[in-house]
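Indexing begins at 1, ligand by ligand and atom by atom, following the structure's order. Counting begins at 1 with the first residue of the sequence.
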Amino acid sequence: MAEKRRGSWGEGELYDALCLLMIGACCWIIGAQFHAFGTLNHFILAHGLSDQLMLGFFMGLAMIVVSLRKSLKLRLAMRERDATAARAEAVARHDALTGLANRRLFLEAVELSRRATGAEPSSAVLLVDLDRFKPVNDLYGHAAGNAVLCTVAERLDGLLPARGVAARIGGDEFAMLVPLEGGSEALARLAQAVIGSIAAPVLWNGNALRVGATVGIALITGEDVDAEVVLHAADLAMYQGKKDGRGTYRVFKSAMDVELKARAQLESELRAAILNGEIEPFYQPVVSLPEQTLIGVEVLARWRHPTRGLLAPARFISIAEETGLIADLSYRLLRQACIDARDWPAHLQIALNISPQQFQDTWLSERILAILTETGLAPNRLEVEITETALVQDLEAARATLTSLQNLGVRIALDDFGTGYSSLYHLRELKFDKLKIDRSYIDTISMSEERAKLVDAIIKLSASLGLVTTAEGIETNASVDWLATQGCDFGQGYLFGAPMPKSEIDTLVSIDPEVAKSCLAA
Ligand code: C2E
Ligand code: CA
Ligand code: CA
């Protein structure tokens with residue numbers, strides 16, 4: 001649509017002008033006919049002016065009125081346009097849901113502050129990232145999520161010092177720009193207050209919704225290149241806080257940048273490694289007690305890195321979890337393990353570790369079934385190991401996944417028992433097949449009577465719930481004898497073998513079970 005040019009005469013205005021001219025002329029004619037302009041007549045006669053000249057004068061007057069009217073209308077239109085533009089600008093610079101400044105406005109404010117700062121910092125950015133927001137959103141829906149975000153915004157606004165700016169800069173990410181008036185102690189107090197206030201429950205439709213917050217702090221100095229750099233530094237500090245255990249705050253240090261760059265490098269290498277098949281399954285023997293015969297293996301991931309050698313899972317599993325690569329990694333590992341296990345005697349089981357994130361996937365059992373079908377491994381040869389973290393995020397989703405896996409014939413083991421929540425509630429609520437006692441307990445049974453009593457209690461508890469028990473991390477003959485006496489069903493640990501590549505486990509399973517037994521305990 002062609003835009004009408006401002007200031008030019010449109011059709012409507014020409015018509016208006018003609019009307020006014022006609023009215024002007026008519027006024028003159030009527031006035032003159034009825035001698036309504038006594039003084040004017042007198043004036044015309046006295047000055048010898050003609051009717052035509054006066055008509056021209058009146059028409060000129062009408063033209064002036066027309067122009068005045070037009071300029072008035074123009075001015076009103078411009079004022080309205082400016083108001084609309086200001087409204088649009090305000091909308092574009094504020095978050096629609098919470099009314100706080102948005103990322104753009106926040107960056108502008110940080111930039112202004114940076115330019116006004118010398119070498120010594122005079123203000124700081126607090127990046128506030130919500131913890132456990134996603135489960136609230138998933139469980140109670142978007143309306144509840146929005147209520148949480150609005151409440152968080154109000155609480156941050158309430159804590160904001162004078163001349164500060166609070167903003168929502170992402171889905172569940174907020175930020176504050178604050179002057180550094182009370183020094184680093186005041187900043188620490190503010191960060192604590194932010195964490196504390198966000199941790200308070202949000203009441204919504206009779207539910208107490210709970211989220212937390214991790215805060216990253218970056219001080220603004222004139223040496224920072226731009227506002228994005230400041231925000232990035234706060235982000236690194238926040239990330240460090242998350243790593244150190246959420247619900248905390250961290251102040252940016254330059255070492256964080258180095259660490260993050262190394263991590264980013266590892267992340268991109270991991271992405272390629274999964275596709276290139278550099279992640280391979282290692283197998284750790286699991287034996288029955290007291291016989292100590294091989295009954296299966298636990299599948300443990302190893303990264304055969306082209307330059308860094310063989311990397312343990314501690315180096316890459318958490319990165320795979322955080323980047324969403326874990327599912328792909330895990331399914332490739334399972335496929336390879338199934339193929340390897342097809343050559344072993346049919347009574348040997350394989351146990352696969354499944355991350356909490358994967359357990360939230362409603363299609364998990366279908367995906368596992370597809371791999372079992374494709375490779376031809378019987379579902380009852382597979383055991384899935386999960387930790388309690390997989391249960392706390394969404395118990396009902398976990399229950400559904402657990403049941404559908406068990407319906408296939410796959411067994412479920414609760415891993416690392418004793419380290420996390422160790423909740424009787426989880427054991428009662430969900431039907432597991434096996435409990436794995438964490439190696440930190442097994443390490444110390446010979447050293448501490450208290451520990452030994454605890455392990456004994458766990459074994460008895462497990463049996464009373466109808467589960468079998470595996471003790472992990474068995475390194476000594478003394479521990480294995482004691483565990484067998486207490487009724488522990490299975491054992492795993494360096495005493496029977498460390499995680500080993502396919503070639504080694506192939507040898508172990510191919511030899512006579514009695515010989516293998518002596519090899520395992522050697
Ligand atoms: P986990 O599931 O508890 O696995 C047992 C860990 O204990 C293994 O470490 C194993 O090498 C170690 N271990 C076994 N016996 C002994 C022993 O006698 N003494 C000592 N000190 N350690 C022993 P690894 O292979 O480094 O795995 C570490 C963790 O990484 C695993 O703990 C598991 O949580 C995770 N992980 C490994 N592979 C995968 C995977 O494919 N997917 C997922 N999601 N996690 C995995
Ligand atoms: Ca495990
Ligand atoms: Ca374990």
Quiz prompt | atom 31 (C) of ligand 1 - nearest protein heavy atom and its distance | solution = L300 CD2, 4.1 Å

Quiz item: Does any N, O or S atom in E298 come within less than 3.0 Å of the Ca ion (ligand 2)?
Solution: yes

Quiz item: Heavy atoms of the protein only: does one fall short of 4.0 Å from atom 9 (O) of ligand 1?
Solution: no

Quiz item: Nearest to atom 39 (C) of ligand 1, what protein heavy atom do you find, and at what distance?
Solution: I317 CD1, 3.9 Å

Quiz item: Going by the atom numbers of ligand 1, which of them fall below 4.0 Å from some non-hydrogen atom of P499?
Solution: 11 (O)

Exercise. Please say whether more than 12 non-hydrogen atoms of neighbouring residues, nucleotides or ligands are located less than 6.0 Å from NE2 in H142.
Key: no

Self-check item: Identity and separation of the nearest protein heavy atom to atom 28 (C) of ligand 1
Solution: P313 CG, 3.9 Å

Practice problem: Look at atom 21 (N) of ligand 1 and say which protein heavy atom is nearest, naming residue and atom and giving the distance to 0.1 Å. | Solution: E475 OE2, 3.3 Å

Quiz item: Does some side-chain heavy atom of I350 sit less than 4.5 Å from a side-chain heavy atom of R381?
Solution: no

Practice problem: State whether a side-chain donor-acceptor pair under 3.5 Å links N353 with E298. | Solution: yes

Self-check item: Metal-centred angle, OE1 of E385 through the Ca ion (ligand 2) to OD2 of D415, rounded to 10 degrees
Solution: 90°

Practice problem: Apply salt bridge (charged side-chain N to carboxylate O under 4.0 Å, His left out) to R304 and E278, showing your working. | Solution: CA-CA 5 Å; R304 212 173 273 283; E278 284 171 28; over 6 Å; no

Self-check item: Check: R342 side chain, T375 main-chain N or O, donor-acceptor pair, under 3.5 Å
Solution: yes

Quiz item: D416: which N/O/S atom is nearest the Ca ion (ligand 3)?
Solution: OD1

Quiz item: Is the Ca ion (ligand 2) less than 3.0 Å from at least one N/O/S atom of E472?
Solution: no

Quiz item: Can you tell which part of R439 has a heavy atom less than 4.0 Å from ligand 1: side chain, backbone, both or neither?
Solution: side chain

Quiz item: Can you tell which part of A301 has a heavy atom less than 4.0 Å from ligand 1: side chain, backbone, both or neither?
Solution: both

Exercise. Measure D415 to ligand 1 on non-hydrogen atoms and call it side chain, backbone, both or neither using the 4.0 Å cut-off.
Key: side chain

Quiz item: Can R367 and Q358 be counted as having a side-chain donor-acceptor contact under 3.5 angstrom?
Solution: no

Quiz item: E322 and salt bridge (Lys or Arg N to Asp or Glu O under 4.0 Å): which partner among R263, K243, K242?
Solution: R263

Quiz item: Any heavy atom of S330 sitting closer than 4.0 Å to ligand 1?
Solution: no

Quiz item: What atoms of ligand 1 come closer than 4.0 angstrom to any heavy atom of G473?
Solution: 16 (C), 17 (C), 18 (O)

Quiz item: For ligand 1, does Q492 get within less than 4.0 Å through its side chain, its backbone, both, or neither, judged by non-hydrogen atoms?
Solution: neither

Quiz item: Is a side-chain donor or acceptor of R399 paired with a backbone partner of E429 at a separation under 3.5 angstrom?
Solution: yes

Quiz item: What's the shortest distance from atom 16 (C) of ligand 1 to any protein heavy atom, and which residue and atom give it?
Solution: Y494 CE2, 3.3 Å

Quiz item: For T419 and D416, does a side-chain donor sit closer than 3.5 Å to a side-chain acceptor?
Solution: no

Self-check item: Among E472, Q284, E385, Q357, closest by any non-hydrogen atom to atom 15 (N) of ligand 1
Solution: Q284

Quiz item: Would you say K134 has more than 12 foreign heavy atoms packed within less than 6.0 Å of its NZ?
Solution: no

Self-check item: Flag if over 12 foreign heavy atoms under 6.0 Å of NZ, K460
Solution: yes

Self-check item: Nearest protein heavy atom with distance in Å, relative to atom 43 (C) of ligand 1
Solution: N353 CB, 3.6 Å

Quiz item: Heavy-atom contacts under 4.0 Å between L333 and ligand 1: side chain, backbone, both, or neither?
Solution: side chain

Quiz item: Are any of the side-chain heavy atoms of D131 and V211 separated by less than 4.5 Å?
Solution: no

Quiz item: N/O to N/O below 3.5 Å, does that happen between D416 and ligand 1?
Solution: yes

Quiz item: By number and element, which atoms of ligand 1 are closer than 4.0 Å to a non-hydrogen atom of I474?
Solution: 18 (O)

Quiz prompt | T507 side chain to E504 side chain, donor-acceptor N/O pair below 3.5 angstrom | solution = no

Exercise. Please check atom 4 (O) of ligand 1 for a protein heavy-atom neighbour under 4.0 Å.
Key: yes

Self-check item: atom 44 (N) of ligand 1 [closest protein heavy-atom partner, distance rounded to 0.1 Å]
Solution: S355 OG, 2.9 Å

Exercise. Run the contact test for K436 against ligand 1 with a 4.0 Å cut-off on heavy atoms, strictly below, and give the result.
Key: no

Quiz prompt | Residue pair D433 / Q406, side-chain donor-acceptor N/O under 3.5 Å | solution = yes

